[in-house]
**Q** 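Got a structure for you, questions after.
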Amino acid sequence: MLSIKPKMLPQLAELEEDLLARRKRAVAEDWRGEIDGPDLTLTFLRSKREQARRFARSGPVPLGLPVVPHQKHHVTPG
């Protein structure tokens, strides 16, 4: 799954503007088969932008490091 970093939000805005312009031209030229692509990509882009904004607000979640007790390896005769 693609993860967007918050610092990439301005790039997403540029991509959105381009997609909207492409969609507008497709509608103006009556290219009906060319409208679904930008629409689908816009939906995905907006979802990823919202995900990046949520991440920017909350920040990373510290999970800590697991504690592993020191164990001696015993070799059993076999």
**Q** Go through the steps to decide whether R57 and E50 satisfy the test salt bridge (Lys or Arg N to Asp or Glu O under 4.0 Å), and finish with yes or no.
**A** CA-CA 11 Å; R57 285 191 301 264; E50 184 54 36; 3.6 Å; yes

**Q** For R46, I'd like to know if atom CZ has over 12 heavy atoms of other residues, nucleotides or ligands within 6.0 Å.
**A**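 Enclosed: over 12 neighbouring heavy atoms sit under 6.0 Å from CZ of R46.
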
**Q** Please enumerate all residues that pass salt bridge (charged side-chain N to carboxylate O under 4.0 Å, His left out) together with R53, with sequence neighbours excluded.
**A**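 For R53, no residue satisfies salt bridge (charged side-chain N to carboxylate O under 4.0 Å, His left out) once neighbours in sequence are set aside.
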
**Q** For residues I35 and F44: do they belong to one hydrophobic cluster (side chain heavy atoms under 4.5 Å, members Ile, Leu, Val, Met, Phe, Trp, Tyr)?
**A**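 No, separate clusters.
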
**Q** Run the salt bridge (charged side-chain N to carboxylate O under 4.0 Å, His left out) test against D36 and tell me which residues pass, sequence neighbours left out.
**A**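 Partners of D36 by the salt bridge (charged side-chain N to carboxylate O under 4.0 Å, His left out) criterion come out as none, since no residue qualifies.
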
**Q** Looking only at atom types and distance, does a side-chain atom of T41 sit under 3.5 Å from a main-chain N or O of G37, one as donor and one as acceptor?
**A**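 Present.
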
**Q** Determine all donor-acceptor pairs shorter than 3.5 Å in which one atom belongs to a side chain in residues 27-34; sequence neighbours excluded.
**A**
from : atom 1 : to  : atom 2 : distance (Å)
D30  : OD1    : R32 : NE     : 3.1

**Q** Could I get the full list of side-chain contact (heavy atoms from CB on, under 4.5 Å) partners for L12, not counting sequence neighbours?
**A**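 Applying side-chain contact (heavy atoms from CB on, under 4.5 Å) to L12 gives I4, L9, L15, L45, R49.
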
**Q** Could I get the full list of salt bridge (charged side-chain N to carboxylate O under 4.0 Å, His left out) partners for R22, not counting sequence neighbours?
**A**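 R22 satisfies salt bridge (charged side-chain N to carboxylate O under 4.0 Å, His left out) with no other residue.
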
